[in-house]
Amino acid sequence: MGQKRWGDVWRHVFVMVVVLVYLIGGATGAAPKKPVAVPFGRNYIPTWAFDHIKYFNGGSNIQLTLDNYTGTGFQSKGSYLFGHFNMQIKMVPGDSAGTVTAFYLSSQNSEHDEIDFEFLGNRTGEPYILQTNVFTGGEGNREQRIYLWFDPTKAFHSYSVLWNLHQIVFFVDDVPIRVFKNSKKLGVRFPFNQPMKIYSSLWNADDWATRGGLEKTDWTKGPFVADYKNFHIDGCQSSVDAKFCATRGKHWWDQKQYQDLDDYQWRRLRWVRRKFTIYNYCTDRKRFPTMPRECKIDRDV
Ligand SMILES: *[C@@H]1O[C@H](CO)[C@@H](O)[C@H](O)[C@H]1NC(C)=O
Ligand SMILES: *[C@@H]1O[C@H](CO)[C@@H](O)[C@H](O)[C@H]1NC(C)=O
């Protein structure tokens, strides 16, 4: 009897410690909130080649198709200023050389701001490349390229952008693979006043995508299909009044814990840089003899 009571007490103590560790951990952690799944039509519309998009489960899942006739794409209905933008994608399987699947935010004007994920396909069994870029005021040239630590054609993975006045973070699942800090004090423009829409597309880019354009799209392996789900958008919709969204501190993505990466996230970013980075414009001294200004405030480039 006594033995059993003590067993219960220790079990309670153990549970309490676990809960405490979880709460403390949760209070300092800064992984973006998990988006809820909503159907495509809630937030998005097709942009071009409507007949190359297929809908499943009432629009909860969609497929984009690329064939030798055309690719296709879609965009968000709303424009957003700050938020967390997420998409779950299963990339084109098999021989995807020459194809590019993109997921990006853009303000689409002449001095445009843009935040890009581009997935460059490859021959069967060869690794995809994830290329990212950031444009501010129409200026890009900030490419980074990595290999992924998993095969992106086997299952859905989430790709997301956290954007607030302090930083833009690119996430693959919950791992930060890139951060673009607000370096306004160094004279670098940061996207803050141009609302962006979210875009995605699948198209043929065999003039550059795979091994710099050496590998061409093999049309006999088509049609090429990418799967999507989870169309929730967590952003401040600003088509009406951009000023409203610029008023900070009101949304979860503006809060303190999202203004910088925490130590754990920095460690994970460093892991990506050490093990998976192929190219980083910040360290390309041939192209940029002096390091681009925004790279200087990065903690460990
Ligand atoms: C496109 O591909 C289909 C199937 O492989 C083929 O029958 C057709 O001739 C191709 N069309 C062109 C314009 O290449
Ligand atoms: C494709 O595979 C080749 C050979 O493994 C590799 O060099 C290249 O980086 C891969 N990815 C792309 C998109 O070219």
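Hydrogens, waters and symmetry mates play no part in the numbers below; they use all other heavy atoms, side chains included. First listed ligand is number 1; within each ligand, the first listed atom is number 1.
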Using a strict cut-off of 4.0 Å, indicate which atoms of ligand 2 neighbour a heavy atom of [X].
X: T210; answer: 14 (O)
X: I129; answer: 9 (O), 11 (N), 12 (C), 13 (C)
X: A209; answer: 13 (C)
X: L120; answer: 13 (C)
X: P127; answer: 1 (C), 2 (O), 5 (O), 10 (C), 11 (N)
X: G121; answer: 13 (C)

Steps toward salt bridge (Lys or Arg N to Asp or Glu O under 4.0 Å) verdict (R268, D174): CA-CA 10 Å; R268 305 213 74 184; D174 277 341; over 6 Å; no
Contacts of S107 that satisfy side-chain hydrogen bond (donor to acceptor under 3.5 Å, both in side chains) - sequence neighbours left out: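 With neighbours one apart ignored, the set is N109.
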E294 bridged to R142 by N-O distance under 4.0 Å: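 Answer for the salt bridge query: yes.
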Do [X] and [Y] have side-chain N/O donor and acceptor atoms under 3.5 Å apart?
X: D173; Y: H157; value: yes
X: H166; Y: D254; value: no
X: Y281; Y: N141; value: no

Could you tell me the residue and atom name of the protein heavy atom closest to [atom], and the distance to it rounded to 0.1 Å?
atom: atom 10 (C) of ligand 2; answer: N122 ND2, 2.4 Å
atom: atom 14 (O) of ligand 2; answer: R211 N, 2.8 Å
atom: atom 5 (O) of ligand 2; answer: E126 OE1, 2.5 Å

Test side-chain contact (heavy atoms from CB on, under 4.5 Å) applied to I146 and N280, V272, I278, the passing residue: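 The option that passes is V272.
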Mode of Y147 contact toward ligand 2 - side chain, backbone, both, neither (heavy atoms, under 4.0 Å):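 Just the side chain.
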